[in-house]
Each structure stands twice: as C-alpha cells, then as structure tokens.
Amino acid sequence: MSTGKKASSRSTSKKGGAQKEQKAKAEKKQKYDYVELAKASLTSGESQNFYGVIIDATFPYKTNKDKYICSLKVVDPSQHIKGLKGTGDGNDYATVVLYAKEFKDLPIVSRIGDIIRVHRATLRLHNHQRQFNASIFFNSSWSLFSTDKKTPAQEAGGAEGQQNENVPYQFSGKHYTFEKHEGAILSNLRKWASQYISSSNVVTTDMYVPLNKVQSEKGDFDVLAKIIHIHELDEYANELKLKDTTNQVWYTLALKTKFPHIRSGDVIRIRSATVDETATTKKVLNLSHYSNILTFLSNSKLAKELRGKIHDDHDKAAKGKVQHAAVVLTEVDKKWQNHPITPLHELFHEADNDPELSKETTFRTNFTVTKIEPVDVREWSKAYDKKTKKATSLKGQKGGSGFIYQVQFLVKDVSTLLNNNTYRILLYTHDGLGANFFNGQQASNLHTNDANRKKLEEYAERLTSFNSWVDAVVEKRNGFYFIKDTKLNF
DNA sequence: TTTTGGGG
C-alpha cells in the first residue's frame, strides 16, 4: 500500500492524519461506487452502478410473458459524441434495458436531459452497443433526478412542492438511498447535462425522420416536431397538430393519462411512430403502446431553435406588418348596397338548378383571395382587338392600344372552406365590366408603365393577405362570373 | 432472477 509511506511522512500532524484515515474508512463503507459509462467493465458480467443523462426512452411496455420493459439511451462525459466534436452527426450513447414484473416498477421518462441512476446493472455488447441490463424484479433499482429546477410534472403545471436536488422525483421500490459522496457526482453530472443540452443538438439527425420523408418509411420511425396546436378530442384523448422544419403538418392522438405533460408550443421527440395508411383527409401518425413523447430541458438549444423556427399559419399571418381583424377591401356601387349576399357554394354548385337563382344573372358575393393569376402582375393587362375579340400579351411591346385587364381571382368563402375546389372570379374588362376596380386606375402596358405596375403589386399584396375580404358584384356570362360595379376602398 | 428482450 502506498498510503503507509505517505502517512509516515506526515507524522508532524498526527491528528490530521488520524482524521483523514477515519474519513477514508467511512467512505469505504459506502455501498455504491459509480462507473462512467465508457469505463464500465464488459468482461465479468459483474454488477455495476452508474449515472446517465437520458436522451431517449420508450414508454414502459408489456412483453409476451408478463414482463415489462423500458429501454433508454444515456450519455455522460465519457460517452456522448460520435466522431469529431460539435457538428458530428450521431451520438454515442449506451443503452439501458430495465426489466420488471410490474408496470409501476419502471420509470416513465418524459423529458430529454434528466438523469437516471441505476444500481446493480450488468454490461454487455448488443449490436455493437454498450448495453446495461438491470432486472428490477431481482435486485436492480433505478432513480430519476430532475436536471432542471422543476421536474417535468412541475414544469407542466401540476406543481407539488419544492424540489430537493438530492431527492429523485421517481424511483423503484419503496425507498431510495442517497449516499453523501453522490452529491458531488449528481451535481457535476447536472452541470454537464445542462451545458451539453444547451450547446448541442443531442437529438441528432440520425435519430429521427423529417415529416416530408416519413411516407416512404417501411417500419416505425422517430419524429422531431413542434406541437402547434392541441385539440381536445374527448375526455381521454388529445389530438396533436405537429409541424417540423420541413413545414409538413401531421396529426397524432395522445392519451391524456399517458402524456399529461405536453403543452401547445412544446418541441417534442416522438419515440416510434408509423404512418396511418387509412387516414384520408389529413396526414396522421399512429403511436404504439411503447411509443413515447419526450419534451426537452428548458435550456435545450435544439428546442429553442425549433420553437422559433416553426409556426402555424395563424402565427405566420400575425407576424406580418399588419395584424388585423377581418377587413373588407372593396365597396359595391350604391345600387347594390342592399343586395343580399350569395355564398360561393350557391354560385358554383346550385345556381343552375335552383329555380330562383337560375333566373338571376347578377349576384353580390363575399370572398377571400387565395391567389391571383397571372402571378406576374405585368401580364394582368392585355391588348384587346374588338373585332377579333382576341387579347394578346404586351410583353416586348413599347406602346400598344386597346388595353384591358384580364385577371383571375382564386377565391374561398365559409361555404367552400372545407372542400379542395378552386373557384375563380374574373376581372375581365373587355366589355367595360369592372374597369374601375383598381380605384379607377385604367389598364395600361404594365411591362413599361412601372408606376401602375407597382400600384397593382401593392393591391395584390393586400387582396391576398390574411383575413382580407372582397365584397363584389358579379355578372354571370357563359358560366363565368365577372366582377362589375365594385372598386377597392383604400 | 435470466441470459430475459434489446427498435418492443
């Protein structure tokens, strides 16, 4: 023993030496020594204890023969980055497989970045991965520690009391132990976890599939997305509206009792989902009994980034310069001001068959404009030959004459909101109908008249902006509806 | 308590 020499060389402070020896003795009595993940022994199958930062976990699930399993991925300072530092895509991690006789003996992990402590695990290689196995029904045990000040439950608002940093928020069995020397281990790992989660993605691109690619997945896959809306389906289930950085929107059902911690606006990782091939009206992900929905620590770099990057359509509209309630952008001539409004559905689906409507040729209708064609404003006006009734593009022409507008509004209203049809209302001014629509600005060669073109581009922007409505009088000719007696009011 | 099942 090397200590003998040291002790004798310090004979000048007998007291201090004795105290130290006593302390060392006491420390030796500690029951649990902890190994770093990468340094745990592979050879002996011996029982080992470790702390790990959780980066993935299944929900506890039942196997064929009355056994329950939870499998997790964990990292620590000794084992986390695969390949070279930083952007290296791919985590290095150890897996943990916990076996139990009962569901309640396994951890329900709901947050990436929290810490698990396992006692009496054995390590082996499985598929080239370091895999810790722990049988809770024999003598293994686990504890979950919060890395944030708040536990996941407290974070979600179901707050109960203060969180003591050395007290696990979940643990197996009736009691947990916490030895003095663990305080430093836990607090160091917390610091490291916090730093790791706030400075790197942790959930790397090899750990999930972008939503615009999931259709071609054969089996199950994982997802990284933001919950942009939660719709309460019934007393048991929520429907989550999910969007990821590919801007695809998918829906999934989440049982309230299984996932009580998720909130609208959360960035989540779904461990294991499949495409619902039977869904027809919208894109739906199916979850299994072993699927899990995990949130991130509050200071997660990845979650922060995605929260800022992904928005629902309403957010997007609200982000524009003018955040406004419904606005009507036009007015109809005085003589039509008391005329009733006919919904688009009646105009396009019922007008021909309805005995009353079929007699009419002029209607007043309200709609929003989803798109204007031609997309190039310079092509909104044409040269019109009255004899041949032909309209030609003014592209490449210096002057020209007989200018008219030929513009198509792609429109929607409440009566047509839920179908996928596109309805067109025309602003064609060859017979004079609608000639004053753009505040009296007459058609001209928009390839050369920059002032007029710019004005029309402004109008296009307003007409297609969120929640803006057109109140218009239209005349039916040959099955088409042409705007007349209507002009912009701004 | 078991070579469990492990991306189920």
Side-chain angles (χ1 to χ4, degrees), chain A residues 37-38 40-50 52-75 79 82 89-110 112 116 118-142 172-174 202-211 213-225 252-255 258-259 268-277 285-294:
Chain A
L37 300 177
S41 157
L42 260 173
T43 47
S44 54
E46 69 187 285
S47 166
Q48 299 173 90
N49 313 310
F50 65 88
V53 176
I54 301 164
I55 64 167
D56 189 26
T58 68
F59 205 80
Y61 63 92
K62 197 176 186 178
T63 62
N64 293 331
K65 179 56 186 103
D66 253 8
K67 196 175 283 173
Y68 291 83
I69 288 179
C70 178
S71 105
L72 312 93
K73 296 185 179 81
V74 294
V75 295
Q79 185 169 18
K82 185 176 280 174
D89 240 2
N91 253 314
D92 192 16
Y93 51 81
T95 58
V96 181
V97 186
L98 304 174
Y99 302 90
K101 281 268 195 300
E102 291 186 69
F103 175 84
K104 67 166 177 53
D105 294 327
L106 291 174
I108 295 174
V109 176
S110 61
I112 289 169
I116 188 168
V118 178
H119 284 166
R120 300 183 199 89
T122 56
L123 180 62
R124 58 210 248 196
L125 277 182
H126 175 71
N127 294 340
H128 313 288
Q129 279 282 345
R130 291 165 78 81
Q131 182 194 69
F132 289 94
N133 291 265
S135 294
I136 312 307
F137 52 73
F138 178 39
N139 62 356
S140 299
S141 63
W142 54 265
S172 61
K174 291 201 171 64
V202 179
V203 171
T204 43
T205 55
D206 56 321
M207 289 174 70
Y208 61 92
V209 177
L211 287 176
K213 297 265 160 57
V214 298
Q215 300 273 23
S216 50
E217 286 290 311
K218 282 191 216 96
D220 71 323
F221 48 84
D222 302 339
V223 170
L224 178 69
T252 195
L253 287 189
L255 293 174
K258 185 173 176 183
F259 304 115
I268 55 163
R269 162 179 171 78
I270 299 181
R271 160 67 184 252
S272 190
T274 52
V275 170
D276 185 340
E277 308 284 359
L285 297 174
N286 287 331
L287 303 187
S288 303
H289 60 299
Y290 43 76
S291 297
N292 202 3
I293 300 179
L294 299 142

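These numbers come from a predicted model, not from an experiment. Convention: sequence-line order gives letters A, B, ...; per-chain numbering from 1. Below, all heavy atoms of this structure are taken into account, side chains as well, without hydrogens, waters or symmetry copies.
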So, OP1 or OP2 of B:dG5: does either fall under 4.0 Å of a side-chain N or O from A:Arg124?
no

Just call it for A:Asn64: base, sugar-phosphate, or nothing, with non-hydrogen atoms closer than 4.0 Å on any strand.
nothing

In this structure, how many angstroms lie between the P atom of B:dG6 and the NE2 atom of A:His128, rounded?
18 Å

Output the rounded distance in Å from CG (A:Asn133) to C1' (B:dT4).
8 Å

Take atom CD1 of A:Ile270 and atom P of B:dG7, then tell me their distance rounded to the nearest Å.
18 Å

Give the rounded distance in Å between these two atoms: CG of A:Asn292 and P of B:dG6.
15 Å

Looking at every strand, decide which applies to A:Asp222 at a 4.0 Å heavy-atom threshold: base, sugar-phosphate, or nothing.
base

Donor-acceptor contact below 3.5 Å, side chain A:Asp276 vs main chain A:Asn286
no

Do the side chain of A:Lys65 and the base of B:dG5 come within less than 3.5 angstrom through a donor-acceptor pair of N or O atoms?
no

A:Arg271 vs A:Phe138, nearer the 5' end of DNA chain B by closest nucleotide
A:Phe138

Assign A:Asp220 to base, sugar-phosphate, or nothing according to its heavy-atom contacts below 4.0 angstrom with the strands shown.
base

Looking only at side chains, do A:Thr122 and A:Gln48 share a donor and an acceptor under 3.5 Å apart?
no

Take the protein atom CD of A:Glu217 and the nucleotide atom P of B:dG7, then report the distance between them rounded to whole Å.
17 Å

Given atom CG of A:Leu98 and atom P of B:dT4, what is their separation to the nearest angstrom?
16 Å

Taking ring-ring contact (aromatic ring centres under 6.0 Å, His included) as the definition, give me every residue that meets it alongside A:Tyr99, ordered by chain and number, with sequence neighbours left out.
none

In whole angstroms, how far is the P atom of B:dT4 from the NE2 atom of A:His126?
10 Å

What is the nucleic acid contact for A:Thr58, judged by heavy atoms within less than 4.0 Å: base, sugar-phosphate only, or nothing?
base

Heavy-atom nearest nucleotide on DNA chain B for A:Asn139 versus A:Lys73: which residue maps closer to 5'?
A:Asn139

So, is A:Ser71 close to the B:dG7 phosphate, meaning a side-chain N or O under 4.0 Å from OP1 or OP2?
yes

Ignoring hydrogens and geometry beyond distance, is a side-chain donor-acceptor pair present between A:Ser172 and A:Asp105 at under 3.5 Å?
no

For A:Phe137 and B:dT1, do the ring centres fall under 5.5 Å apart while the planes stay under 30° apart?
no

Indicate the ring-plane relationship of A:Phe103 and A:Phe59, choosing parallel, tilted or perpendicular according to the 30° and 60° boundaries.
tilted

Nearest whole angstrom, please: distance from the C1' of B:dG6 to the CG of A:Leu106.
14 Å

